[in-house]
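Remarks on the structure that follows.
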Amino acid sequence: MGIHLLLYKPRLPRVFPIPFALPDSLLPSSLAATFSSFTTTKFFTSPSPLPSMAVAAEAAAGANPLQSQTSPPIAKKVRHEMEMFGDVRIDNYSWLRDDSRSNPEVLSHLQAENSYTDFVMSGTKKLEDQIYAEIRGRIQEGDISAPLRRGPYYYYERTLEGKEYVQHCRRSLLDLEAPLSVHDTMPTGPDAPPEHVILDENLKAQQHAYYSIGCFKVSPDNKLVAYAEDTKGDEIYTVYIIDAESGDLHGKPLVGLTSYIEWAGNGALLYITMDQILRPDKVWLHKLGPEQSSDICLYHEKDDKFSLDLVSSESKRFLFVGSESKMTRFVFCLDVTKPEEGLNVLTPRLDGIDSSVSHRGNHFFIKRRSDECFNSELLACPVDNVSEVTVLLSHRTSVKIEEIQLFCGHLVVYQREEGLPKVVVYRLPAIGEPLKSLQDGQPIEFIDPVYCLSPSESEFSSNILRFCYSSMRTPPSVYDHDMDTGVSILKKIEPVLGGFDASKYATERKWATASDGTQIPISIVYQMNLVKLDGSDPLLLYGYGSYEICYDPNFKASSLSLLHRGFIVAIAHVRGGGEMGRQWYENGKFLKKKNTFTDFIACAEYLIENKYCSKEKLCITGRSAGGLLIGAVLNMRPDLFKAAVAGVPFVDVLTTMLDPTIPLTTAEWEEWGDPREEEFYYYMKSYSPVDNVKAQNYPHILVTAGLNDPRVMYSEPAKFVAKLREMKTDDNLLLFKCELGAGHFSKSGRFERLQEDAFTYAFIMKTLGLVP
């Protein structure tokens, strides 16, 4: 069920994976949209809005009169020359890029690819349907999330049997004076206060092929709700403000927003909008009552390397507006008791300094990263004198501070050590007393050798920390932890139907040696009674390795359909991600990007050498920047893999990064490098997948895309597939599936999303000869 994420939104990139860690089948749309709503993103769309998904799908269907495509579609070649530093590149498939998504010839080609994929996979349709039924059969379709106590109510999300989307609900407390404890339970039954459905997404989604809520914000007095709605998949939101009891609309909707919205007291909202190239660049104050045209712009970020974000402090006293590039972040604050005073600079803009802020009592707490303190340090300063800084936690080279969570009497630090997430609780002096260096933090211990740990929204005034834990064999589990006694109580574990028994599965952590001697962690899971560990087992290896994103090992219910068939599932935690600290990321970007790819190859070789699988049984997969990883290693070591799945892959790296007219390209130069500089140009050319397709044998390959994807334009994978068809020398499968009614994160319904996993697994089994 739903996981209430902490109010911090991680600063995410243009390309972002659907994490292995998320419970994909039960993920409510509000949480799914949390991931899809990160707007520090590189978009390929034109400034005009995308066509509706229904219109796009109809256009595609009408553009291609063919009912069935029984041979691989061959894209026409239109010579397009690109010259830089005396180097000429030829792109014969640039015509496939159509920002309007309406060109009949382009849509006809995509439809032909889909038709051919359907033809090839028609023989496995029975298996695909069986896998889909298995995955869906593990879901307890009617369920609720762990209720969160907030003021006089319990808030939670409910799913209904057979319904794609969630209901946002609340129920009144029986005793408003009862202190919150780990044993607190929401009353149910005939004598309990009645459940009130604030918003039913199923009703809202009826008129739309795609429906996603990016955020759902309750006003401090619990009387109003503001929610952000996306009905196209373009991640441009309309915000509605409704009465929490009646559901009546309060004023006109706010249009053209990001999903960054926060209440500034009970009578106003802060929100962020984007410029014509979809960069979050302005923060606005909206007072309830007047129309949007009367709203006040509080700040305009004019530097196109920077984008804005917005969070609320746990105390609800301040709102923080961050302006960030890939290397630098500075923060403004707004006192919600004095919104008319606007924003004040809290941390200054200094190149290479990245700061995040929260608040408690008369102090701001600042997490700050710099070149010297690359894993971050934690500081505090008085609200009325931000220059008077106290170091609470000094920088540690082996421990990375990821997030902090504040309470009246405690500070919780989410950190990363030796590749694993940790959580440490510190007791704070009473509000108003001086702060000093923190000592004697109490860690919370976990059992599994590899696992995932997520912050969750908690009650600021309490001593109860809520967090979500899972591992590759442990379904997502919500715990309440008493920070005074150290007692943790399980509040909710995601049900997995069908006789799931975690004790049947083994999880392991292994280390591969990279070409430069670096040790690369690998997370592994398998069902103990089904694998032989003699090299004969099939294995699916995941990878990502970009943007400092940690691809942590969590539970994926759909993967049970592989594990039950004797598969081993593994994750390669390669450089470019953030699993081993900031330097792990730094050593997998810019002119060290190839470490990401060679690390993945080293992990694959380790798994083969240690008899987890063989080349003939090794399949690989990655999405977004993980799709770049897959494309790169396919060109480098195609002999190493039996099959590969590249989901919405970022594969035309050099061409994209050379075009500053493409939205947010300039911001991405701090991630990949600026190819207008000769050194970066030739380095990026040496690994960009489209530029390195060659006449050689490739394994079986499935590539996916979303027509309305605003992060990785569909034309990148389309061009990659077209060039592979032209160049490759084998007869292995090469399939391209472009969803005409979806964006970067696939379809929006919780059951619709399962179809992608079922199709992918059927493809993998087909290539391995495992179709019954």
Quiz prompt | Sub-6.0 Å ring centroid separation between Tyr585 and Tyr547 | solution = no
Exercise. Let me see the working for Arg170 and Asn222 under side-chain contact (heavy atoms from CB on, under 4.5 Å), right down to the final yes or no.
Key: CA-CA 10 Å; Arg170 74 181 183 188; Asn222 295 282; 3.8 Å; yes
Quiz item: If you take all heavy atoms of Ile401 and Ser376, which pair is closest and at what distance?
Solution: CD1-O, 3.7 Å
Quiz item: Given the side-chain rings of His573 and Tyr544, with only the six-membered ring counted for Trp, is the space between their centroids under 6.0 Å?
Solution: no
Exercise. Keeping to residues at least two apart or across chains, list the salt bridge (charged side-chain N to carboxylate O under 4.0 Å, His left out) pairs with something in residues 383-392.
Key: none
Quiz item: Should the pair Lys491-Asp184 be classified as a salt bridge under the 4.0 Å nitrogen-to-oxygen rule?
Solution: no
Quiz prompt | Neighbour count above 12 (heavy atom, 6.0 Å) for Leu176 CG | solution = yes
Quiz item: So which heavy atom on Phe467 is nearest to which on His481, and how close?
Solution: CE2-CB, 3.9 Å
Practice problem: Taking salt bridge (Lys or Arg N to Asp or Glu O under 4.0 Å) as the test, write out the residues that go with Glu586, two or more places apart. | Solution: Arg582
Exercise. Applying salt bridge (Lys or Arg N to Asp or Glu O under 4.0 Å), run through Glu459 and Arg150 and close with a yes or a no.
Key: CA-CA 7 Å; Glu459 190 72 20; Arg150 189 189 297 148; over 6 Å; no
Quiz prompt | Atom CD of Gln519 with >12 non-hydrogen neighbours under 6.0 angstrom | solution = yes
Quiz item: Does any donor atom in the side chain of Asp281 or Tyr299 lie under 3.5 Å from an acceptor atom in the other side chain?
Solution: no
Quiz item: How long is the gap from CG on Leu411 to CG on Leu428, to the nearest 0.5 Å?
Solution: 5.5 Å
Exercise. Determine, for Glu457 against Arg149, whether the closest basic-nitrogen to carboxylate-oxygen distance falls under 4.0 angstrom.
Key: no
Quiz prompt | Euclidean distance, Glu314 CD relative to Ser458 OG, rounded to 0.5 Å | solution = 9.0 Å
Self-check item: Electrostatic pair Asp516:Arg575 at N-O distance under 4.0 angstrom
Solution: yes
Exercise. Nearest 0.5 Å please: distance from the OG atom of Ser172 over to the OH atom of Tyr153.
Key: 5.0 Å
Exercise. Measure from the ring center of Tyr469 to the ring center of Tyr451 and say whether it is less than 6.0 Å.
Key: yes
Practice problem: Give the minimum heavy-atom separation between Pro339 and Leu285, together with the two atoms involved. | Solution: O-CD2, 4.0 Å
Exercise. Establish, from distance only, whether the side-chain atoms of Ser488 and Asp480 form a donor-acceptor pair under 3.5 Å.
Key: no
Exercise. Mind telling me whether Phe407 and His410 have parallel, tilted or perpendicular rings, with 30° and 60° as the class edges?
Key: perpendicular
Quiz prompt | Lys/Arg-Asp/Glu bridge criterion (N-O < 4.0 Å) met for Glu417, Lys422 | solution = no
Quiz item: Heavy-atom distance under 4.5 Å between the side chains of Glu494 and Lys492, does that happen here?
Solution: no
Exercise. Just do the side chain to side chain donor-acceptor pair (under 3.5 Å) check on Ser323 and Glu301 with the steps written out, would you?
Key: CA-CA 7 Å; Ser323 180; Glu301 178 54 78; 2.6 Å; yes
Quiz item: Centre of Phe330's six-membered ring, under 6.0 Å away, within 45 degrees of the axis: is that where NZ or CZ of Arg349 sits?
Solution: no
Quiz item: OG1 of Thr328 to CG of Asp351: how many Å apart, nearest 0.5 Å?
Solution: 5.0 Å
Quiz prompt | Beyond-backbone contact of Val336 with Lys316, side-chain heavy atoms, under 4.5 angstrom | solution = no
Self-check item: Electrostatic pair Glu402:Arg416 at N-O distance under 4.0 angstrom
Solution: yes
Quiz prompt | Where Asp552 and Ile571 come nearest, the two heavy atoms and their spacing | solution = O-CD1, 4.2 Å
Quiz prompt | Salt bridge Arg329-Asp309, side-chain N to carboxylate O under 4.0 Å | solution = yes
Quiz prompt | Side chains of Asp484 and Asn463, donor plus acceptor under 3.5 Å | solution = yes
Practice problem: Can you label the angle between the Tyr551 ring and the Tyr542 ring as parallel, tilted or perpendicular, going by 30° and 60°? | Solution: perpendicular
Self-check item: Student check: side-chain heavy atoms of Leu465 and Ile444 closer than 4.5 Å
Solution: yes
Quiz item: Do the charged groups of Lys326 and Glu668 touch, with an N to O distance under 4.0 Å?
Solution: yes
Quiz prompt | Salt bridge flag under 4.0 Å for residues Arg279 and Asp304 | solution = no
Self-check item: Minimal non-hydrogen separation, Gly577 against Trp584, with atom names
Solution: O-CD1, 3.5 Å
Exercise. Dump the intermediate steps for side-chain contact (heavy atoms from CB on, under 4.5 Å) on His168 and Ile213, then the final yes or no.
Key: CA-CA 11 Å; His168 299 265; Ile213 287 185; 4.2 Å; yes
Quiz item: Looking at Phe332, Phe364, Phe365, which hits ring-ring contact (aromatic ring centres under 6.0 Å, His included) with Phe318?
Solution: Phe364
Quiz item: Given side chains that start at C-beta, do those of Tyr260 and Leu270 come closer than 4.5 Å, heavy atoms only?
Solution: no
What side-chain donor-acceptor pairs closer than 3.5 Å can you find for residues 433-441, not counting sequence neighbours?
| from | atom 1 | to | atom 2 | distance (Å) |
| --- | --- | --- | --- | --- |
| Ser437 | OG | Gln439 | NE2 | 3.4 |

Practice problem: Only one of Lys593, Glu671, Lys589 passes side-chain hydrogen bond (donor to acceptor under 3.5 Å, both in side chains) with Ser546; say which it is. | Solution: Lys593
Practice problem: Begin with the C-alpha distance, continue with both residues' side-chain angles, and end with the deciding distance and a verdict on salt bridge (Lys or Arg N to Asp or Glu O under 4.0 Å) for Arg317 and Asp335. | Solution: CA-CA 6 Å; Arg317 168 73 184 279; Asp335 187 333; 2.9 Å; yes
Self-check item: Intermediate values then yes/no, side chain to side chain donor-acceptor pair (under 3.5 Å), Glu670 and Ser325
Solution: CA-CA 8 Å; Glu670 289 190 355; Ser325 69; 3.0 Å; yes
Quiz item: Where do Gly581 and Lys400 come nearest, in terms of heavy atoms and distance?
Solution: CA-CD, 3.8 Å
